Amino acid sequence: MNTAEPVGRSLRRPTRPAVLVAVLLLALAVIVTLVLSGHDGRRGGRPGPGALGLAAPAAPDGATTAGFHAGDTDLVVLDGVSGRIQVTADPGAHQVTGTFHRGDGVPARIRTAARDAAGARTLTLGCQDARGDGTPCAGELVLTVPAHTGLRLRQTSGETDLTGIGGPLTVTTASDRFTARGLRPSRADVAVTSGSADLAFAAPPDALAVRATSAAMTLRLPAAAGGGYAVTTSAASADVQVRVPHRADAPHRVSLQVLSGSLAVLPG
C-alpha cells in the first residue's frame, strides 16, 4: 500500500519554524519603524477651518515649544494668551515669526491672515482645548513683526514687553507689568487695571487714549511734537501729572482717565 502524502498537500503546509521566523521579522520591522519615526502613541489635534496647527516638539520636562512664521500682516491679535509676552517690531522684517512655550504641553494655534472689509490682513494667535474651541492659556510668547504691523492685545496676569510697534495699538491689561518703548502708532488705546505700565513713544501719536484703574502708569511723549498736545483729563481719587507741552488746539490729542491710581505724562 502506498502511504506517501500527496505532493500538493505538502506544498500547502509551511513548517512551523518558518512561520515563527516570519512573524518575528515582521514584529522587528514594526518596532524599528516606530523608533526611527519617533512615534510615541500621541496624536495632535487636526487643524480646524482657517487654522494652521503648529509643529510643537515635546521638551524633556513635558513642556511644549512651538515655533512658527506667517506672512506679512496689518494686525496681530493676541486675546487670552497670558504669561510673558514680548512683541518686537523690526524694520527689516517682512513676516511674523515667533515662538510660544507652554508649560501644559498643548501647542498653540494660529489662524491665517484674513482680509476684513477694509482689506486689512489680520493674524490671530490663541489656544484651544481638546475640542478645538478657544480657551485662555499661559506661557511665554515671543513675536517679531514688521514695523507697520499693529497690535490688539488682551493680557491678564503676567508681563508684557513691546518694542517699536508702528501700527494701530490697542492694549488691555489686568494685574500685569506692562513696558513699551519706541512706540510709533498714529492711534493708540491703552487700558490698565491693577497693574503697572511704563510706555514710551518715539513719535507723537495723533490720538492717544489712556485709562488707568488702580494702577501706576508713566507715559513718555516726545517733547518736540509740533504744537504740543491737546490733553483732556478725568480723574477720581488719583494723582495725575502732565509735564509735556500742551494746549487745547494742539494737533496731537491725548485723553487721560484715571480712577484710584497715578499717572505721570513726561517728556521722553
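Values reported hereafter were calculated over all heavy atoms of this structure, with side chains retained and with hydrogens, waters and symmetry mates removed. The chain is numbered in sequence order, starting from 1. Values in this document were obtained by computation on a predicted structure and should not be read as measured data.
Heavy atoms only, all atoms of each residue included: Pro251 and Gly226 are closest at CG-O, 3.3 Å. Residues Ala212 and Met217 share a closest heavy-atom pair of CB-SD, 3.6 Å. When all heavy atoms of Pro205 and Leu221 are compared, the pair lying nearest together is CD-CD2, 4.2 Å. Listed here is the closest heavy atom pair of Arg184 and Ala203: NH1-CB, 4.1 Å. Taking all atoms of both residues into account, the shortest heavy-atom contact from Pro267 to Val244 is N-CG1, 3.6 Å. Closest approach of Thr156 and Ser82 over heavy atoms only: O-CB, 3.0 Å.
Atom OG1 of Thr179 sits about 8.0 Å away from atom CD of Glu159, to the nearest 0.5 Å. Atom OG1 in Thr172 sits 10.0 Å away from atom CZ in Arg152 (nearest 0.5 Å). In this structure, Leu125 CG and Leu141 CG are separated by 5.5 Å, a value rounded to the nearest 0.5 Å. Here the CZ atom belonging to Arg187 is positioned 6.5 Å from the CZ atom belonging to Arg253, to the nearest 0.5 angstrom. To the nearest 0.5 Å, atoms CG (Asp239) and CG (Leu263) are separated by 9.0 Å. Atoms CG and CG, from Leu199 and Leu183 in turn, are 6.5 Å apart once rounded to the nearest 0.5 Å.
Proximity of Asp176 to Ile85: side-chain heavy atoms (C-beta onward) are nowhere separated by under 4.5 Å. Side chains of Val77 and Thr122 form a contact here, defined as non-hydrogen atoms less than 4.5 Å apart. Looking at Val87 and Leu78, their side chains come closer than 4.5 Å, going by heavy atoms from C-beta outward. Looking at heavy atoms from C-beta onward, Val145 lies out of side-chain contact with Leu151 at the 4.5 angstrom threshold. Side-chain contact between Val265 and Leu256: present, with at least one pair of heavy atoms (C-beta onward) separated by less than 4.5 Å. Residues His148 and Asp72 form a side-chain contact, since some pair of their non-hydrogen atoms from C-beta on lies under 4.5 Å apart. Using a 4.5 Å heavy-atom cutoff, the side chains of Val171 and Asp189 are not in contact. With contacts defined as side-chain heavy-atom distances shorter than 4.5 Å, the pair Thr149/Val76 qualifies.
The hydrophobic clustering, which links ILVMFWY residues whose side-chain heavy atoms are closer than 4.5 Å, places Val242 and Val210 together. Clustering ILVMFWY residues whenever any of their side-chain heavy atoms sit less than 4.5 angstrom apart, transitively, puts Leu219 in the very cluster that holds Val240. Follow the hydrophobic side-chain contacts under 4.5 Å out from Leu153 and you never reach Val142; the two are in separate clusters. A chain of hydrophobic side-chain contacts below 4.5 Å, direct or via other Ile, Leu, Val, Met, Phe, Trp or Tyr residues, connects Val231 to Val192.
Counting only distance, with no hydrogens or angles, the side chain of Gln86 and the backbone of Thr144 share no donor-acceptor pair below 3.5 Å. Judged purely by atom type and a 3.5 angstrom limit, Arg181 has no side-chain atom pairing as donor or acceptor with the backbone of Phe201. The closest donor-acceptor contact from the side chain of His246 to the backbone of Ala230 lies at 3.5 Å or more, if one exists at all.
Asp198 pairs by the side-chain hydrogen bond (donor to acceptor under 3.5 Å, both in side chains) definition with Arg220, not counting sequence neighbours.
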Inset, instruction - Kindly determine whether Gln95 and Thr97 satisfy side-chain contact (heavy atoms from CB on, under 4.5 Å), including the steps that lead there. - result: CA-CA 6 Å; Gln95 62 180 357; Thr97 59; 3.7 Å; yes
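Using a 4.0 Å cut-off between charged nitrogen and carboxylate oxygen, Arg177 and Asp161 do not count as a salt-bridge pair.
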